[in-house]
Peer 1: 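Attaching a single structure in structure tokens format; questions to follow.
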2 protein chains.
Amino acid sequence: MPRTSTRPAAAGRRDDRYRLDDQIGFLLRRAYQRASANLVERIGDHDLTAPQFATLARLYERGTLSQNLLGRLVVMEPANIRDVVQRLRRRGLVATGRDPEDGRQLLVCLTPSGLALVRKLLPVEAACTAKTLARLGRAERTLLCDLLRRLTVD
Amino acid sequence: MPRTSTRPAAAGRRDDRYRLDDQIGFLLRRAYQRASANLVERIGDHDLTAPQFATLARLYERGTLSQNLLGRLVVMEPANIRDVVQRLRRRGLVATGRDPEDGRQLLVCLTPSGLALVRKLLPVEAACTAKTLARLGRAERTLLCDLLRRLTVD
DNA sequence: GCGTTATTGTTATGATCATAACGATATGGA
DNA sequence: TCCATATCGTTATGATCATAACAATAACGC
């Protein structure tokens, strides 16, 4: 039973060298939450989430892609990118069709409506990134991006 | 309809100044996915996720906490920390009880079983953090943590 | 004391996430 | 050719996430 004891319930010797706030995974999760919240705060009136916007942005950069490759390019598992594409398609932002040359692949591309939305929101995203990084100097920003990229090299 | 055209389906002028791979939010999401996968790879045989372990670690550091405060300390909304606590309780890693001094609060603490598990996994987590940061030098690691912390100051 | 406000926890909904299992199609080698 | 393998998409399950709405309790101001 929990008590409002002055001593921690997990009494006994504690490992003072461990601090959750020093664990990179915890810091990354917290930072991503903040960045994601910043984005939704600005583009949320269009009912777009961060992963959805990333998907649209990738299609904008690369044009028509298979659903599977699109998923890899936005770091989503096949089962997840499928759901995102489905939601975007339901809203008319994306169109899909079978690849005539490979019956397995499902090709995905932006619709004119999706393209217009991306064009409208690109500067908003850039501003959002700036807000997230507001407390860092110019050199620190590029340094942070560089360090994060190096964490995820294959 | 999607085509396997050589030109992007989103033809027309593109904003070359925007790159998804330069957006801090995208980089943070990717890095967190990697860190989380590293952790699950090592503690997954105990069926613990990253947020679950963070919750146990916080209880280990701070002792008995109200569910609400616990949630804030691991950066989870009330609705989410509730579910996590419920799962940990079902597995006997955590115990809960009403605060006699404040009928609203639900106190949460580690059980002996939960405490033993945390003690066992703390060094594993530390090793996991080291693996995530393996590609960075010592100075770079502390720098990265510092930059991430500064992104999330209130 | 009493009513307003604030805090805590719960419920519900919908969108990410990861994983496993499964068909359908392509590809490669015997 | 034919078969084993690989790839792609789908389905299912369960765990995070955020948000809104709600009840219960506490704290506060008058």
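Here is how names work: the chains are called A, B, and so on, in the same order as the sequence lines, proteins then strands, and each is numbered from 1.
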Peer 1: Within the structure provided, determine whether A/Leu27 and B/Arg149 are in side-chain contact (heavy-atom separation under 4.5 Å).
Peer 2: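 A/Leu27 vs B/Arg149: side chains touch.
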
Peer 1: With sugar-phosphate meaning primed atoms plus P, OP1 and OP2, does B/Pro51 contact a base, only sugar-phosphate, or nothing at under 4.0 Å between heavy atoms?
Peer 2: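 The residue B/Pro51 makes sugar-phosphate contact but no base contact.
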
Peer 1: How many Å lie between CZ on B/Arg30 and C1' on C/dC17, as a whole number?
Peer 2: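 Rounded to whole Å, this separation is 17 Å.
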
Peer 1: What's A/Asp83 touching, base or sugar-phosphate or nothing? Going by heavy atoms closer than 4.0 Å.
Peer 2: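 No contact.
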
Peer 1: Verify the contact: side-chain N or O of B/Arg98 to OP1 or OP2 of D/dA24, cut-off strictly under 4.0 Å; return yes or no.
Peer 2: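 Negative; the distance criterion is not met.
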
Peer 1: Starting from the C-alpha separation in whole Å, work towards a yes-or-no answer on salt bridge (Lys or Arg N to Asp or Glu O under 4.0 Å) for B/Arg58 and A/Asp21.
Peer 2: CA-CA 9 Å; B/Arg58 202 56 108 182; A/Asp21 297 288; 2.9 Å; yes

Peer 1: So B/Asn68, base contact, sugar-phosphate only, or nothing? Heavy-atom distance under 4.0 Å.
Peer 2: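 The residue B/Asn68 makes sugar-phosphate contact but no base contact.
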
Peer 1: Whole angstroms only, please: what is the CE-C1' distance between A/Met76 and C/dC17?
Peer 2: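 Checked: the CE to C1' distance equals 8 Å.
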
Peer 1: Hey, is the side chain of B/Tyr32 poking within less than 4.0 Å of OP1 or OP2 on D/dC17, counting only N and O atoms?
Peer 2: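 Result: yes.
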
Peer 1: Please report the distance, rounded to the nearest Å, between NE2 in A/His46 and P in C/dA15.
Peer 2: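 Roughly 18 Å, once rounded to whole Å.
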
Peer 1: Roughly, in whole Å, what's the span from CD in A/Gln67 to C1' in C/dA24?
Peer 2: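 It is 15 Å, rounded to the nearest whole Å.
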
Peer 1: To the nearest Å, how far apart are A/Arg91 CZ and C/dG14 C1'?
Peer 2: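 About 13 Å, once rounded to whole Å.
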
Peer 1: Would you say A/Thr111's side chain and A/Gly92's backbone share a donor-acceptor pair under 3.5 angstrom?
Peer 2: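 Yes, the answer is positive, given that a donor and an acceptor are paired below the 3.5 Å cut-off.
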
Peer 1: Kindly say if A/Arg29 contacts the phosphate of D/dT16, meaning a side-chain N or O under 4.0 Å from OP1 or OP2.
Peer 2: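 No, no such contact exists.
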
Peer 1: Report yes if a donor N or O on one partner sits less than 3.5 Å from an acceptor N or O on the other, where the partners are the side chain of A/Arg82 and the base of D/dT10; otherwise report no.
Peer 2: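 Under the 3.5 Å cut-off, the side chain and the base do not form any donor-acceptor pair.
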
Peer 1: If you pin B/Ala79 and A/Gln52 to their nearest nucleotides in DNA chain C, which one's is more 5'?
Peer 2: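 Of the two residues, B/Ala79 wins.
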
Peer 1: Give the nucleotide from the list D/dT16, C/dG9, D/dC8 with an atom nearest to the side chain of B/Thr49.
Peer 2: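 Closest nucleotide to the B/Thr49 side chain: D/dT16.
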
Peer 1: Identify whether any heavy atom of B/Asp102 sits under 4.0 Å from a base atom; if not, whether one sits that close to sugar-phosphate; answer base, sugar-phosphate or nothing.
Peer 2: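 Since only primed, P, OP1 and OP2 atoms lie under 4.0 Å of B/Asp102, the category is sugar-phosphate.
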
Peer 1: Look at all strands and tell whether A/Glu77 reaches a base, only sugar-phosphate, or nothing, counting heavy atoms closer than 4.0 Å.
Peer 2: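 Base contact.
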
Peer 1: Using whole Å, report how far CG of B/Leu70 lies from P of C/dT8.
Peer 2: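 Going from B/Leu70 (CG) to C/dT8 (P), I get 13 Å.
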
Peer 1: Taking atom CG of A/Leu59 and atom CG of A/Leu115, what is their separation to the nearest 0.5 Å?
Peer 2: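 Those atoms lie 10.5 Å apart.
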
Peer 1: With respect to the phosphate group of C/dT8, does any side-chain polar atom (N or O) of B/Arg72 fall under 4.0 Å of OP1 or OP2?
Peer 2: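 Affirmative; the distance criterion is met.
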
Peer 1: Can you work out whether A/Gln86 or A/Val40 has the more 5'-proximal nearest nucleotide on DNA chain D?
Peer 2: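 Mapping each residue to its closest nucleotide by heavy atoms, the 5'-most match is A/Gln86.
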
Peer 1: Indicate yes or no: at least one non-hydrogen side-chain atom of A/Leu147 is less than 4.5 angstrom from one of B/Glu140.
Peer 2: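 In contact.
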
Peer 1: Given that B/Ala37 and A/Arg104 both sit by DNA chain C, which one's nearest nucleotide is further toward the 5' end?
Peer 2: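 Result of the comparison: B/Ala37.
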
Peer 1: In whole Å, I'd like the distance from the CD atom of B/Gln105 to the P atom of C/dT10.
Peer 2: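 Whole-Å distance recorded here is 12 Å.
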
Peer 1: Using distance alone, with no hydrogens and no angle criterion, decide if B/Asn38 and B/Arg34 have a side-chain donor and acceptor under 3.5 Å apart.
Peer 2: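 Per modelled atom types, B/Asn38 and B/Arg34 side chains form no pair under 3.5 Å.
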
Peer 1: When the distance from CD of A/Glu101 to P of C/dA26 is rounded to whole Å, what number comes out?
Peer 2: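 It works out to 11 Å between those atoms.
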
